[in-house]
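Reminder, nothing fancy here: chain letters follow the sequence lines and each chain counts from 1.
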2 protein chains.
Amino acid sequence: MLFARTFRAMTDRFHERLAGRDLEPLRPAHGYVFRYLAAQPSATAVDLAAHLGVSKQAATKTVAELVEWGYVHRTPHPTDRRAHALTLTGKGHAYLRFADALWSELEEEFAAVVGAEQLTIVREALETYLADSKSEGIRPVW
Amino acid sequence: MLFARTFRAMTDRFHERLAGRDLEPLRPAHGYVFRYLAAQPSATAVDLAAHLGVSKQAATKTVAELVEWGYVHRTPHPTDRRAHALTLTGKGHAYLRFADALWSELEEEFAAVVGAEQLTIVREALETYLADSKSEGIRPVW
DNA sequence: GCTACTAGACAACTTGGTTGACTAGTTTGG
DNA sequence: CCAAACTAGTCAACCAAGTTGTCTAGTAGC
């Protein structure tokens, strides 16, 4: 499948460049966690699980890793004493900025190879298709 | 990532429809095995492993499953007595035809949503990009 | 305020891979 | 022509990333 291979090719490039600079073995799944936590102020592990389309246990495990590495901080939840509010640390935000820069670099390379107008059409087409699809979860479950 | 989500959305649809009709729990990875075996007459497990970008043990395991289900047949290799030549059975070919029909159905739906000319542009753009990328393996390794 | 629900922790298990060691057959260079 | 190096496939131990199931403590709806 063309989309699978393209996804693979892009993430391969991404991690190739990431490997040079960063320390912890951040995996693609982590990227979605960062983005979600940046967007949702006091998200909990259960919220995250729903967003990622995995069990709450799996989400908790991933969060624990990111906390250990210093990307994420767990604070008492403002209104629910069972829960923890998850937020990005400074390191977490820094990583996100770096990743964004890297993705736009890759996108520029894509544009350089296939043409800028084509990239625009590709993006619009995929967004249209996805809007029509309402697929669960984010990760390409294999 | 747009490509990951599109891939996910399409394979979700694919398996939704597959689930209705078929018996064995064929996973997306199997599709690539079928396609490879159909194209490469007396492929071995090691050939397949290289094609898929996994270890030979993993490839062997997958093949064993498909043999058990009657999709693949192992015959003595014509020139190398250590190896087995892998070929699709009638059932294997039948599945492949069915899967092809299903994919073109999905492609038509894609075209119906985003437009036929857009689909053509998307396909060409991704092929151009991939030709420029020489990424290892096929599966979106997560 | 009792009842039903929910966030998160802990544990056992499953899946789809991995690496390592080995056997039997193949290829190559002197 | 044969010994050394290599390769296909098997077996076994292990690992990573998920799963389900059960439990406790806290929350929310009448």
Considering only side-chain heavy atoms of Thr62(B), which listed nucleotide, dG17(C), dG18(D), dA7(C), is closest?
dG17(C)
Grab the [atom1]-[atom2] distance between [X] and [N] for me, whole Å please.
X: Leu52(A); N: dG18(D); atom1: CG; atom2: P; value: 9 Å
X: Lys61(A); N: dC13(C); atom1: NZ; atom2: C1'; value: 11 Å
X: Arg74(B); N: dA8(D); atom1: CZ; atom2: P; value: 14 Å
X: His77(A); N: dT6(C); atom1: NE2; atom2: P; value: 15 Å
X: Gln57(A); N: dA16(D); atom1: CD; atom2: C1'; value: 16 Å
X: Asp80(A); N: dG26(D); atom1: CG; atom2: C1'; value: 7 Å
X: His84(B); N: dT10(D); atom1: NE2; atom2: P; value: 5 Å

Phosphate oxygens OP1/OP2 of [N]: is one of them under 4.0 Å from a side-chain N or O of [X]?
X: Ser55(A); N: dG18(D); result: no
X: Arg82(A); N: dT24(D); result: no
X: Arg81(B); N: dA8(D); result: no

I would like to know whether Glu107(B) and Arg123(B) meet salt bridge (charged side-chain N to carboxylate O under 4.0 Å, His left out); could you show each step before the answer?
CA-CA 11 Å; Glu107(B) 203 166 279; Arg123(B) 203 206 313 277; 3.3 Å; yes
Give the ring-plane orientation class for Trp103(A) versus Phe14(A), where under 30° counts as parallel, over 60° as perpendicular and anything between as tilted.
parallel
Under a 3.5 Å distance rule, please check whether His15(A) uses its side chain to pair with a backbone N or O of Leu18(A) as donor and acceptor.
no
DNA chain D: 5'-proximal contact among Thr79(A) and Lys56(A) (nearest heavy atom):
Lys56(A)
Verify side chain to side chain donor-acceptor pair (under 3.5 Å) between His51(B) and Gln40(B), making sure each step is shown before the conclusion.
CA-CA 11 Å; His51(B) 176 68; Gln40(B) 305 292 325; over 6 Å; no
Could you check if a side-chain atom of Val33(B) sits within less than 4.5 angstrom of a side-chain atom of Tyr71(B), using non-hydrogen atoms only?
no
Near-ring test Phe7(B)/Phe7(A), centroid separation under 6.0 angstrom
no
Looking at every non-hydrogen atom in both residues, tell me the closest pair between Pro41(A) and Thr87(A) and how far apart they are.
O-CG2, 3.6 Å
What is the minimum heavy-atom distance between Thr11(A) and Arg8(A), and which atoms define it?
OG1-O, 3.2 Å
How far does the helix from dG1(C)-dC30(D) to dG30(C)-dC1(D) bend, going by the axes of its first and last five pairs, to the nearest 10°?
30°
Can you give each donor-acceptor pair under 3.5 Å made by side-chain atoms of residues 55-64 of chain A, sequence neighbours left out, with the distance rounded to 0.1 Å?
{"unit_1": "Ser55(A)", "atom_1": "OG", "unit_2": "Ala58(A)", "atom_2": "N", "d": "3.3"}
{"unit_1": "Thr60(A)", "atom_1": "OG1", "unit_2": "Lys56(A)", "atom_2": "O", "d": "2.7"}
{"unit_1": "Thr62(A)", "atom_1": "OG1", "unit_2": "Ala58(A)", "atom_2": "O", "d": "3.1"}

Looking at DNA chain C, which of residues 33-48 of chain A put a heavy atom within less than 4.0 Å of it?
Thr44(A), Ala45(A), Val46(A)
